[in-house]
Structure formats: structure tokens, C-alpha cells
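Take a look at the structure set out below.
In what follows, every heavy atom counts, from backbone to side chain, and hydrogens, waters and symmetry copies are set aside. Remember, it's a predicted structure, so these values are computed and weren't measured experimentally. Note on naming: letters A, B, ... go to the chains in the order of the sequence lines (proteins, then strands), and numbering restarts at 1 for each one.
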Amino acid sequence: MGNAAFREIATIEAVSFDELSGVVAVDAHNWLYRYLTTTVRFTSSDVYTTEDGTEVANLVGVVQGLGKFFENDLVPVFVFDGGVTELKAEEVDDRREQRETYEQQLEDEREDADATRIAQLESRTQRLTDVIHETTRELLDHLDVPVVEAPAEGEAQAAHMARNGGVDYVGSEDYDTLLLGAPVTLRKLTSSGNLERMDFQATLEAHDLTWEQLVDVGILCGTDFNDGVDGIGPKTAVKKIHEHGDLWSVLEAEDAYVDRGDAIRSLFLNPDVTDDYSVDTDVSPDIDAARDYLTEWEIPHSAVERGLERIEDATAQTGLDEFF
Amino acid sequence: MFTAIVSSGTLLAALDSVSVLVDECKIRLDEDGATIRAIDPASAGMVDLRLEADAFESYETDGETIGVNLTRLEDIAGMANADDLINLTLEEKTRKLQIQIDGLEYTLALIDPDSIRQEPDLPDLDLPATIAIEGRDIDRAVTAADMVSDHIALGVNDAEEFFYVDAEGDTDDVHFELDRDELISLSAGDAHSLFSLDYLKEMNKAIPKDAEVTVDLGDEFPVNLQFEIAEGNGSVTYVLAPRIQGN
């Protein structure tokens, strides 16, 4: 999620995969959700539904999505959310409500609607079920892809790892990574074509802001944790922060109020993260084990074979350091 | 202090052999000559280059380490005609490299050596098989293999004493075999390893066709490729890590 309007003030440039290499901490939920919805949209539901009706479109999505990293000299580290931050609970509730609306629509329209409409609604009703969580981790384990469990928000943990040099980039479609101080965020990892490179330091410099002030700008125009002040978009927010100095002075001048502003601020500046993680970025996937696992979940060979081959091919190159 | 005069051909051959793997590198200059050692970003390929002081028309230094953008330096050196001499001088104060080619003066900003990836140690591999082969035979093997596949197997048959190259494509295959008589020399031992053609193609570009290339091979081990440049006053060693052999 995050506030998409933030794009207006973020320093973003198109970048090709060729220019990048290193380790990218991927906001796992964000990534998985995108592959889940695309898979569901473009794949017949028979492919990802087991005989007893369990949907594991994630397994197809993960196999399709991983090759891209390895083929481009990027090692992904998937960072999973821990508990939901209390303040975000409202946002999560909203999304659940929205999904239930779509589910109802899907039920109402299933008989009459055409296949495209059904696919669209199906993709909107996806959620990350326990089975999806469990099977994704197990598949990643077979493929030797490192996983980190965040104490709270995955993207906060990913940003923390990037700030400490544990990884080179954060991978997310969410503009919040900027507020979390992630030095470089790679966007559009899930799309075809060029990536976008969002630069934290350059964004601060472009608007002559400190990190705290950038977070205040974020809060003024709305985050996952608050609605923002009516009529204030990112550019106005920057102007007002320059004028008044910080969130509180702006709120006072605007006679506006943000519930638990302090707490929201510290969610970005001092989030609940851990240094207690280790990642082995020397990835050697057990393709046969992964294939067997997918078969266990009744995924047809044809849906994943090309993806597995891509992963196998891209990870077959050894490093000289293994021979020293 | 560093000042030298070198033929454009020698300088380009040296730079080309490194730039196939990295975009920037450290050049260590001591009284005996220049050395560059670098490893590519994926840590799969390494180059170790040595250019003796004798490879230069004149050469003087009291020991320096400089960081250079290879693409930029190659572009400048490329401005010279084949037998032009290139004059290189390190400006002490500005830490820039002054390059003079037949009236053309170019001042090249250097890169802080500390910002360049640390030079790797040369692995001590003790590989079982060694052959010496002409550069043009490597070129033939690589070019043919590239027509059918992305990777290439290099091997030595110990019992029958021949060196072979295999490339398997989806539909077509390439096999190339050279026995003791067709090679410059062969010290046989069982060896078979698979390599990425992306790397070998690049390395092949830097190998002169008439060079004598010493190739050390092992079983699923890196390959060493070593050859001379600058009429014997310089040498290049490549080390390339293998690919894991599927199935």
C-alpha cells in the first residue's frame, strides 16, 4: 500500500537490470500478492487448485517471478511480515471489507459474466492464506532462497537491512520505503520492462528536507497509518514543512489534527526491526526437490517447467570464492 | 610519481584483457612494471595482468596505485593510430592522469582506489590437466559452440590423451577434438568442466590468435587460461569458475 501520491516528490529514475547487481531485500507480501493476482488472472484455476479445493496460485507465481532476479545477477532475500502493527489494523480491515465486496460480486456475477470479468474479480479476491504462507516458505526453502522473518512490518525490516548495508536494495512497489529511509528502492520488480530506482538521499536533497521532515510530509498527506490532512498533497506538504518546520507546527497553523502522530512518526523513524537475522546469498536451488514439491501440490508440470529451467540455468554459475 | 611512454597497441591489448570483466580497476605501478588484478561483479571470472617495465618505451615510477575507469581510458587510447606512442603522466597535485597522443592532450580524472572492489587473491587450484593451444583454436571452438548453446564443456581425456570441447544445444551439437599432435603440448589428466560462453566469448576477444595459450583444467573446477602479450613482456591469466552440471 502506501500513498501513491508520494510519487510526485520522490526521486525516481528508470534503470535497466544490466546496471544492477547485488542483494535485494524484497517486501515478501507486496511481491507475493502481485504474483498471486497476476497468476490468478492469467492462469486457469484448475492449474492452481488441488483436488480438495485448496488454492496455491502462489506456487506458480513464485516460480515465474524468481527467474528474473537470478538472470539479472540479483539475489532476492524475502522479508515476511511479523505481526500487523496496531495502527495499521484499520487499513487491513478496510482491505478485508473491500475484498468481501468483490467476493460477493464474484458470487453474484459468476453465472452470467464473461471470463475476463471473472478473472478480474478472482484476482481481486486473493488473500495470503495460511496455506499460501506455508507453501511459499517451503518452496523458497527448496530453491535455497533466503528468507527473513520481520518482527513487525516486512518493509521496515527490509529498509533497516539496506540502511545497515546487509543488502544493496529494497524491493517494493510501496512508496513507504522512502519514509522508512531505505537508501535505494527498486520498483517494478514484478513488471516487465525497465525498473525504477527510487533514491532516498536524492529525494531529501531535491526538497531540502531532513528524514524527520520527509516523514512529516508523509503523515500530512496520508500513510497506511493515518488519513492525512484534507487538501494537502505531497507538494503542498513540502511547502508547509519548509514554512513551519515540522508536523506539529503545520498542524497548528492549519488547525488540523492527526491521531497518534508521534506514534506514526516513530513507526517510520524507529520501527520494530531486528539485527538478529542471517542470510546466505550463495543460492544453490534443489530444482528436483522443488519440482517434486510442486507435483505434491498437484501443479501441472507444464505450468512451472519453463520457470524452473530459468532458475536452474541462472543459478548454475558458481563463484570463484567457492574454490579458494 | 609515474610517467611512461607506451605503444597504443600494447596499452590497448592490456586494457582490453581487463575490461572484458570489469568497468573500473586498480592499477598497481612499481619499478618492475604494472599489474592489474580484478574479479567481475558476479565473482565468476578473474583476470591477473602483468605488464613488465620492458613493455613500455620508457617507464618510471616510485610506486603508485591508481584507480581508472577502463571504458574511458580505452576510448582515449583508441584515438591513437596503431603504432602511435602514448605518453602517460600522473599529476601529483590533482591526482589526474595526463595522456598525450600525437598532439592530443587528455586529462583523465582518476577514481579513488579505495572505492574499487578489493583485488582478489589468485586461487591455488593445482589442476590435473594442462594443455597449450593456439589462440585461433580457442576462437574456433568458442565461435562454433556459441552457435548452438550458452555453455561449453572443456575436457581432457587422460587415457587417450586428447583435449575436447562439447556444446549441446536444443537441437544441434558441437564437438571439437585436438590430440597431442594438434596441440602445442599436453599433460593429460582427467578433466571435464562446464563454462558459461558469455564469459569465454569475452575472454576469447582478448586472446591474440597467434598466442600460445596455456589451459589448466580440472573436474568441475575453474579453468586457468594464460597467455603472453606485449611480445613476451606481459602476461594475462584468466580464471573462470565452472557452471554446475545439470542432470
Side-chain angles (χ1 to χ4, degrees), chain A residues 15-24 66-76 142-145 165 167-169 183-184 186 197 201 279-292 301 304-324, chain B residues 21-24 37-48 71 117-128 149-153 168-170 191 193-203 216-225 237-247:
Chain A
V15 59
S16 78
F17 269 112
D18 297 348
E19 298 168 53
L20 305 166
S21 68
V23 182
V24 49
L66 277 179
K68 195 166 181 174
F69 290 101
F70 298 121
E71 283 169 356
N72 292 292
D73 281 339
L74 287 171
V75 177
H142 288 306
L143 294 171
D144 199 28
V145 175
V167 297
D168 300 295
Y169 315 98
V184 179
L186 298 181
R197 181 184 191 282
Q201 206 56 45
V279 290
D280 176 6
T281 54
D282 184 11
V283 176
S284 29
D286 188 338
I287 299 289
D288 291 337
R291 193 181 284 120
D292 289 347
H301 197 248
V304 285
E305 198 47 34
R306 174 78 195 110
L308 288 175
E309 269 172 28
R310 279 177 66 192
I311 296 169
E312 182 170 35
D313 220 43
T315 52
Q317 177 64 53
T318 62
L320 282 170
D321 41 3
E322 293 167 44
F323 298 92
F324 288 1
Chain B
L21 286 179
V22 291
D23 297 330
E24 30 187 67
R37 191 178 290 170
I39 186 160
D40 87 297
S43 299
M46 183 189 295
V47 58
D48 182 50
T71 322
R117 184 170 177 182
Q118 207 186 342
E119 293 144 302
D121 291 329
L122 265 191
D124 182 12
L125 295 167
D126 193 20
L127 297 163
S149 181
D150 299 328
H151 19 96
I152 181 171
E168 287 177 21
D170 290 336
S193 303
L194 194 65
F195 299 99
S196 156
L197 269 171
D198 282 347
Y199 283 94
L200 274 179
K201 264 190 325 199
E202 290 300 313
M203 292 173 174
D216 301 310
L217 280 166
D219 218 15
E220 303 215 30
F221 253 72
V223 60
N224 267 344
L225 299 159
T237 303
Y238 286 125
V239 189
L240 175 61
R243 288 172 57 90
I244 295 164
Q245 311 199 12
N247 310 318

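In this structure, A/I287 CD1 and B/I244 CD1 are separated by 10.0 Å, a value rounded to the nearest 0.5 Å.
Of the atoms belonging to A/T318, heavy atoms from both backbone and side chain fall under 4.5 Å from chain B. Interface remark: B/F221 contributes backbone and side-chain atoms alike to the contact with chain A (heavy atom separation under 4.5 Å). For chain A, the nearby parts of B/P242 are the backbone and the side chain; heavy atoms of each come within less than 4.5 Å.
Applying the 6.0 Å contact sphere to CD of B/E119 captures more than 12 heavy atoms from other residues, nucleotides or ligands.
Pairing each heavy atom of A/Q317 with each of B/A241, the nearest pair is NE2-O, 2.8 Å. Taking each heavy atom of B/A42 and A/D73 in turn, the nearest pair found is CB-OD1, 4.1 Å. The nearest pair of heavy atoms linking B/G45 to A/L320 is C-CD1, 3.9 Å.
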